[in-house]
Protein chains: 2
Amino acid sequence: MSRTLKNIKHDDDLKQIARFAKALGHPTRLIILKYLDNKNCCFTGDLVEVLPIAQSTVSQHLKELKEAELIQGEVNPPKIKYCINQKNWEKAKKIFCEFFK
Amino acid sequence: MSRTLKNIKHDDDLKQIARFAKALGHPTRLIILKYLDNKNCCFTGDLVEVLPIAQSTVSQHLKELKEAELIQGEVNPPKIKYCINQKNWEKAKKIFCEFFK
DNA sequence: AAATCTTATCGTAAATTTACGATAAACTAT
DNA sequence: ATAGTTTATCGTAAATTTACGATAAGATTT
């Protein structure tokens, strides 16, 4: 594959898009993001009440969204308050729109 | 989870977004889509030349993009000409922009 | 100190994904 | 007919994902 400096930068972009897209690639995670977007913030338990899956599975999906940096968790013992990571949310929006041109 | 008619429709949307996002969730597939977008159309062999992975793996990625209906293949023996599925490409664009609001 | 609450993590199983080489299928050219 | 070209599919292995129940960790309340 051709490897100009331009292409390498482009590759990095594509990797970032793929990383975001992968995180968005499960219905449950989209529901979580929509929920967070509506309610602004919520606790894990709020999602567990609303989703038809086990608590541990919800926690796992939250972890993936956190690792993709699309959400962030703030410790508020014994609860953890999750919110959308606005900075990266905007970045995702931008990067996707750009990708689709 | 609450299940009004509205929510069920919404769920379908989310499933469709997840389906598209999953297909976009690998750098190689993004490169393929970008390539197709630039060149309009191409043969499998063109991609194999350009990508640092085996022919069978390229074919597998093409299959996934085809199954997500983001591309389509037209037999042109013994080659197969791939193009972006414009209808669904537009749908993806729309659906993603809507999701990000 | 003990019980309770909330959520992450562990262990595990099943399914899916990613990658490869080898082979088959389908058509063209010699 | 034979050889060559192109690309899908098969078989397989390793890694990752998805889901669950059980348990641990961390803090509060009793």
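On a predicted model such as this, the values are computed, not experimentally measured, just so you know. Each chain gets a letter, A, B and so on, in the order its sequence line appears, and its residues count up from 1.
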Assess the cysteine pair A/Cys97 / B/Cys97: is their SG-SG separation shorter than 2.5 Å?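 No.
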Go nucleotide by nucleotide along DNA chain D from the 5' end; which of A/Val75 and A/Thr28 gets its closest nucleotide reached first?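 Whichever sits nearer the 5' end wins; that is A/Thr28.
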Quick check on DNA chain D: between A/Pro78 and A/Ala54, whose nearest nucleotide comes earlier from the 5' end?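 Nearest nucleotide further toward 5': that of A/Ala54.
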In whole angstrom, give the distance that lies between atom [atom1] of [X] and atom [atom2] of [N].
X: A/Lys81; N: C/dC5; atom1: NZ; atom2: P; value: 22 Å
X: B/His61; N: C/dC20; atom1: NE2; atom2: C1'; value: 12 Å
X: A/Leu51; N: D/dA19; atom1: CG; atom2: C1'; value: 13 Å
X: A/Glu67; N: D/dT16; atom1: CD; atom2: C1'; value: 12 Å
X: B/Ile53; N: C/dT17; atom1: CD1; atom2: C1'; value: 13 Å
X: B/Glu49; N: D/dT5; atom1: CD; atom2: P; value: 14 Å
X: B/Leu62; N: D/dT6; atom1: CG; atom2: P; value: 16 Å
X: A/Phe43; N: C/dT7; atom1: CZ; atom2: P; value: 7 Å

So, taking the atom named [atom1] in [X] and the one named [atom2] in [Y], what distance separates them when rounded to the nearest 0.5 Å?
X: A/Ile71; Y: A/Cys41; atom1: CD1; atom2: SG; answer: 10.0 Å
X: A/His61; Y: A/Ile32; atom1: NE2; atom2: CD1; answer: 6.5 Å
X: B/Gln55; Y: B/Leu47; atom1: CD; atom2: CG; answer: 11.0 Å

Comparing B/Arg29 and A/Val58 on DNA chain C - which has the more 5′ nearest nucleotide: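 Its nearest nucleotide lies further toward 5', so the answer is A/Val58.
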Looking across every strand, which nucleic acid part, if any, lies under 4.0 Å from [X] by heavy atom: base, sugar-phosphate, or nothing?
X: A/Lys66; result: nothing
X: A/Ser56; result: base
X: B/Thr57; result: base
X: B/Glu64; result: sugar-phosphate

Have a look at the helix from C/dA1-D/dT30 to C/dT30-D/dA1 and give the angle its two end axes make, five pairs each, rounded to 10 degrees.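 So the angle between the two local helix axes works out to 0°.
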Please pick, from C/dA8, C/dT7, C/dT18, the nucleotide with the shortest atom-to-atom distance to any side-chain atom of A/Lys79.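 From the listed options, C/dT7 comes nearest.
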Closest listed nucleotide, where the reference is the side chain of A/Ile80 and the choices are D/dA8, D/dG26, C/dA8: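 Shortest atom-to-atom distance from the side chain points to C/dA8.
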Under 4.0 Å between a side-chain N or O of [X] and OP1 or OP2 of [N]?
X: B/Tyr82; N: D/dA8; answer: yes
X: B/Thr44; N: D/dA8; answer: yes
X: A/Lys22; N: D/dT17; answer: yes
X: B/His26; N: C/dA19; answer: yes

Look at the side chain of A/Gln55 against the base of C/dA8 and say whether a donor-acceptor pair falls under 3.5 Å; ignore hydrogens and angles.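 In this structure, the two groups form a donor-acceptor pair.
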Parallel, tilted or perpendicular, judged at 30° and 60°: which one describes the rings of A/Phe96 and B/Phe96?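 If you compare the ring of A/Phe96 with that of B/Phe96, the planes turn out parallel.
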Side-chain donor/acceptor of B/Arg19 to backbone N/O of B/Glu67, under 3.5 Å: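 Yes, B/Arg19 side chain to B/Glu67 backbone: donor-acceptor pair under 3.5 Å.
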Minimum side-chain heavy-atom gap B/Leu33-A/Phe99 below 4.5 Å: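 In short, these two side chains touch, coming nearer than 4.5 Å.
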Is the shortest side-chain heavy-atom distance between B/Ile84 and B/Asn40 below 4.5 Å?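 In short, these two side chains do not touch, never coming nearer than 4.5 Å.
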